[in-house]
**Q** 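Starting off with a structure, shown below.
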Protein chains: 2
Amino acid sequence: MPRIRNKDRASAYRERLRNVGLRHTLPRERILSFLDRKNVHPTPEELYQGLRKKGYAIGLSTVYLNLQVLRDVGLIYEFKDPKGVTRYDGYSKPHHHLACRSCGRVEDVLASELPEFLEPVIPEVEAKSNWEVDSARVTFLGYCPRCKRSR
Amino acid sequence: MPRIRNKDRASAYRERLRNVGLRHTLPRERILSFLDRKNVHPTPEELYQGLRKKGYAIGLSTVYLNLQVLRDVGLIYEFKDPKGVTRYDGYSKPHHHLACRSCGRVEDVLASELPEFLEPVIPEVEAKSNWEVDSARVTFLGYCPRCKRSR
DNA sequence: TGGAAAATGCCAAGAATTCGCAATAAGGAT
DNA sequence: ATCCTTATTGCGAATTCTTGGCATTTTCCA
């Protein structure tokens with residue numbers, strides 16, 4: 001497994017931010033970095049606490065502000081889990097969500113592990129609706145392994 | 001177009017509610033009825049005002065409570081629009097969402113107008129993940145006809 | 001039809017999110 | 001490398017959104 005230096009990581013985020021017209025800042029890099037893992041979907045408070053636990057000082061209002069800004073430019077995704085809790089997702093590999101109706105858990109499914117079922121329908125949707133579509137996300141609703149047993 | 005009597009409507013809702021173990025009440029029927037239309041995705045406040053405008057007295061906390069209850073049993077769907085506003089969807093025909101990154105608008109796309117692209121992948125997802133999936137919703141992200149022009 | 005259990009709705013309480021603003025940091029220009 | 005303009009941060013207050021307590025009303029089945 002190739003080692004990635006901090007500088008490389010930083011410049012990768014710097015570029016992603018510049019591409020969407022945002023400045024690179026430490027809080028932003030840390031938020032993006034925190035979110036860019038599989039199955040990580042924190043609430044704003046959880047993200048805030050998570051960063052502090054890593055020893056990073058950051059303000060809660062900065063967290064809120066940046067979650068908004070990063071969502072607006074499409075770098076992260078905001079959603080409600082099945083219990084109605086607001087969560088954020090910044091995992092950069094294309095993926096979908098499994099959401100458990102019973103316990104509320106949300107798990108990622110990599111798009112690369114599934115056939116390409118979405119790509120062909122996007123042009124159809126565009127044609128039918130006259131919208132311009134640049135991405136699509138699926139939420140699969142049901143029961144996780146633990147909850148499906150106890151029913 | 002066949003005429004549907006109020007009694008029939010009421011008993012249809014009564015049955016849907018009983019199927020999920022909930023009592024039939026007037027507030028519930030009115031909420032379900034309000035939401036069961038294409039392209040209707042109100043916030044709790046909008047739903048509350050909408051019902052009052054129809055002349056129905058209802059409490060705001062009753063609206064909140066029932067949105068939760070109905071979501072928990074799967075009769076309605078709760079989501080965030082691209083601007084981060086919490087909205088509800090109770091349209092009973094299977095459909096997906098188009099969401100505009102620019103203005104935040106959300107529009108429904110009937111599943112019946114698209115090929116059956118989801119059904120085949122659900123068993124695959126179940127196999128890969130070991131979850132039990134009972135439904136899937138797609139959010140297509142992009143730009144609506146109005147916003148795509150001005151870019 | 002009686003009555004236990006569930007639901008409603010008012011208002012207060014509590015959370016979550018945003019705002020105002022002074023201080024700081026970023027990054028293009030010099 | 002340093003300056004200078006502008007964006008960003010982060011604190012605490014203000015606001016908005018959502019839930020809780022509880023007396024009253026409804027539901028529905030025995």
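Order of the sequence lines sets the chain letters (A, B, ...), proteins ahead of strands, with each chain counted from 1. Because the structure is a prediction, the values reported are computed rather than measured.
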**Q** Respond yes when some side-chain nitrogen or oxygen of A:R14 is under 4.0 Å from OP1 or OP2 of C:dG27, and no when none is.
**A** yes
**Q** Rounded to the Å, how far apart are A:L67 CG and D:dT8 C1'?
**A** 15 Å
**Q** Determine, for B:K128 against A:E113, whether the closest basic-nitrogen to carboxylate-oxygen distance falls under 4.0 angstrom.
**A** no
**Q** Hey, which of these two, A:V69 or B:R18, hits DNA chain D nearer its 5' end, going by closest nucleotide?
**A**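 Result: A:V69.
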**Q** Encode nucleotides 5-18 of chain C as B, S and - characters from 5' to 3', where the letter depends on protein heavy atoms closer than 4.0 Å: B to the base, S only to sugar-phosphate, - to neither.
**A** BSSBBBB----SSB
**Q** Of all residues at least two apart in sequence or in a different chain, which pass the salt bridge (Lys or Arg N to Asp or Glu O under 4.0 Å) check with B:E45?
**A**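 Here no residue qualifies.
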**Q** Hey, can you tell me if A:H97 and A:H41 have their rings parallel, tilted or perpendicular (30° and 60° cut-offs)?
**A** perpendicular
**Q** D:dT9 P sits how many Å from A:L17 CG, rounded?
**A**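 These atoms are roughly 10 Å apart.
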**Q** Below 30° counts as parallel, above 60° as perpendicular, anything between as tilted: where do the rings of B:Y91 and B:H95 land?
**A** tilted
**Q** Less than 6.0 angstrom from the centroid, inside 45 degrees of the normal: does B:R30 satisfy that with respect to the ring of B:F34?
**A** no
**Q** If you measure only the distance, is there a donor-acceptor pair under 3.5 Å linking the side chains of B:D108 and B:H96?
**A** no
